[in-house]
Amino acid sequence: MKRCLIMTVLLLGINSLAIADTVDERLAAYQAEGAGEFSAERGREMWFKSYSTEGQERSCTSCHTDNAGKSGKHAKTGKPIEPMAPSVNPERLTDAKKIEKWFKRNCKWTVGRECTAQEKGDFLTYLRDL
Amino acid sequence: MIRVWDLPTRTFHWLFAAACVVAWVTGDDARNTHLHTFAGYCALGLVLFRLVWGVVGGRYARFSSFVRRPRALIEHISDLKRPLRTHHLGHNPAGGWAVVILLTLVLLLGISGIAVLGGEEGFGPLAGVLTIAQGVAIHALHEWLGWVLLGMVLLHLAGVIFESSLQHENLPRAMVSGNKQGEAADAEPNNSTRIAIAMVAIITLSALINLKPYLSQDADNPYQPYHQPPLVQNTLWQESCSECHLAYHPATLPWRSWQRIFYEQENHFDEDLALDPGDVTALLDFSRTNSAEKINREISWRTTHSLNSNETPLRITGTNYWKATHADIDEALWRDERVKGKFNCNNCHRDAEAGSFSNGAMALPR
């Protein structure tokens with residue numbers, strides 16, 4: 001039991017390291033692209049903001065719900081989406097390629113354009129501590 | 001009254017009629033393939049029994065007692081109005097020919113049915129022997145034979161009704177009791193009861209064996225007859241596609257459709273897939289080697305053959321084969337909570353993700 005607990009703590013530790021590594025590396029890359037200081041507050045605002053795109057009101061919360069710790073649902077197919085918060089779903093924010101793919105796909109769907117390096121950095125800063 | 005039809009002949013007649021009715025009723029809907037096939041095997045087995053019984057059976061059951069030259073049939077039919085025409089204790093020439101033709105038709109239906117099962121579903125003794133194309137071609141013949149059989153059965157029924165009223169003798173009842181009006185010397189001496197019991201026992205036993213898996217199934221593990229091994233899968237394909245929807249196997253669309261999907265990835269049903277070039281190459285590669293043209297499954301063959309060469313559908317629901325096979329599905333069912341749209345193949349096709357779409361794995365949600 002004790003050993004189990006130690007293993008879990010260790011694994012969680014390694015995982016948060018992986019998140020920290022990936023996110024830090026991304027943030028550095030965004031700053032290299034010209035972004036300034038990142039703000040979790042701006043990220044939060046963007047997460048809840050509603051955009052008029054393709055004649056629809058769209059927001060991150062349209063699919064991810066307004067609780068990042070809960071499962072969401074694809075707007076069109078209804079397929080479940082795992083929670084976004086790394087504290088609930090440790091796999092989140094551990095793969096740079098996936099981060100960029102989803103930023104591009106979802107910014108274009110929600111905002112109607114790709115997100116800037118600044119916006120992406122704000123986002124990650126907000127999400128990493130959820 | 002004397003006995004004319006021995007028990008195996010009567011048992012054969014009614015089991016054969018029942019098997020033909022069940023096969024006819026279940027033939028139209030691919031969801032009933034398993035029952036249809038069982039009825040077909042029964043009918044085929046009964047034909048084989050009747051062929052043997054026609055040689056070694058009772059005197060009125062033997063072919064030699066009722067298969068006449070075609071001229072006898074013509075005379076029999078043209079004689080109908082003569083009041084004192086010959087009275088046949090066993091089959092009259094028309095009835096004799098009905099037996100021969102019905103047996104032949106069902107024999108051909110059974111053989112062609114096994115060929116369709118082997119070709120299209122990859123099941124039964126001819127699995128792997130016949131190609132899908134051959135299976136599909138024989139399927140058309142099989143259906144045509146079915147219509148001819150229906151015609152012959154109706155003709156047979158008309159003949160029985162006509163002859164019954166002409167001779168003031170209830171022929172269907174005689175096929176139940178075995179008895180007809182006649183001289184004691186003409187009676188059939190043996191009833192061969194044990195053989196009839198064996199027939200019923202064999203059919204009951206095979207029905208039970210076929211039914212058994214249905215009894216042990218549950219909602220999560222429904223029994224899938226004609227289960228085919230899953231097609232080749234690819235982790236990247238599986239993961240990328242299933243992030244938003246069922247990972248439709250490349251075997252469901254032709255190669256040109258997959259090319260379009262990945263070349264037009266920026267506009268994938270309202271979303272930009274944003275796949276990086278390396279992933280696009282890998283996904284194109286997997287779909288090229290596993291597209292509908294490359295896969296030896298009925299759904300793949302029928303889908304590609306339902307398209308004109310200038311059609312490049314992006315949706316499986318855009319193919320003529322899909323439309324034809326789903327035309328009878330009630331619109332309300334697509335909106336049902338348990339289906340939630342036409343893109344959720346797997347809510348009715350339990351082997352959709354594996355790419356098989358076999359007849360036995362289909363079930364509308366209940």
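Since we're looking at a predicted model, the values are computed, not measured. The sequence lines fix the lettering, A, B, ..., with proteins before strands; numbering per chain opens at 1.
- For A:E37, the CD atom counts as loosely surrounded, since its 6.0 Å shell holds 12 or fewer non-hydrogen atoms of other residues, nucleotides or ligands.
- Interface remark: A:E54 contributes side-chain atoms only to the contact with chain B (heavy atom separation under 4.5 Å).
- You'll find the side chain of B:D272 stays beyond 4.5 Å of the side chain of A:E114, heavy atoms only.
- The NZ atom of A:K108 sits 11.5 Å away from atom CG of B:D270, with the distance rounded to the nearest 0.5 Å.
- The shortest side-chain heavy-atom distance between A:K76 and B:F343 does not fall under the 4.5 Å cut-off.
- Side-chain contact between B:E266 and A:R105 is absent, with no heavy atoms from C-beta onward closer than 4.5 Å.
- In summary, B:E271 and A:K104 do not engage in a salt bridge, as defined by a charged side-chain N under 4.0 Å from a carboxylate O.
- When the shell of 6.0 Å around CG of A:N67 is examined, it contains more than 12 heavy atoms from other residues, nucleotides or ligands.
- A donor-acceptor pair under 3.5 Å is absent between the side-chain atoms of A:T77 and the main chain of B:H245, judged by distance alone.
- Between B:L275 and A:K101, the shortest heavy-atom distance links the atoms CD2-CD, 3.9 Å.
- Residue B:R288 qualifies as enclosed at atom CZ: its count of foreign heavy atoms under 6.0 Å is above 12.
- B:S242 and A:K79 get closest at one heavy-atom pair: O-CE, 3.0 Å.
- Within 6.0 Å of CD on A:E57 lie more than 12 heavy atoms contributed by other residues, nucleotides or ligands.
- Chain A forms the most heavy-atom pairs under 4.5 Å with one residue out of B:N344, B:D276, B:L273, and that residue is B:L273.
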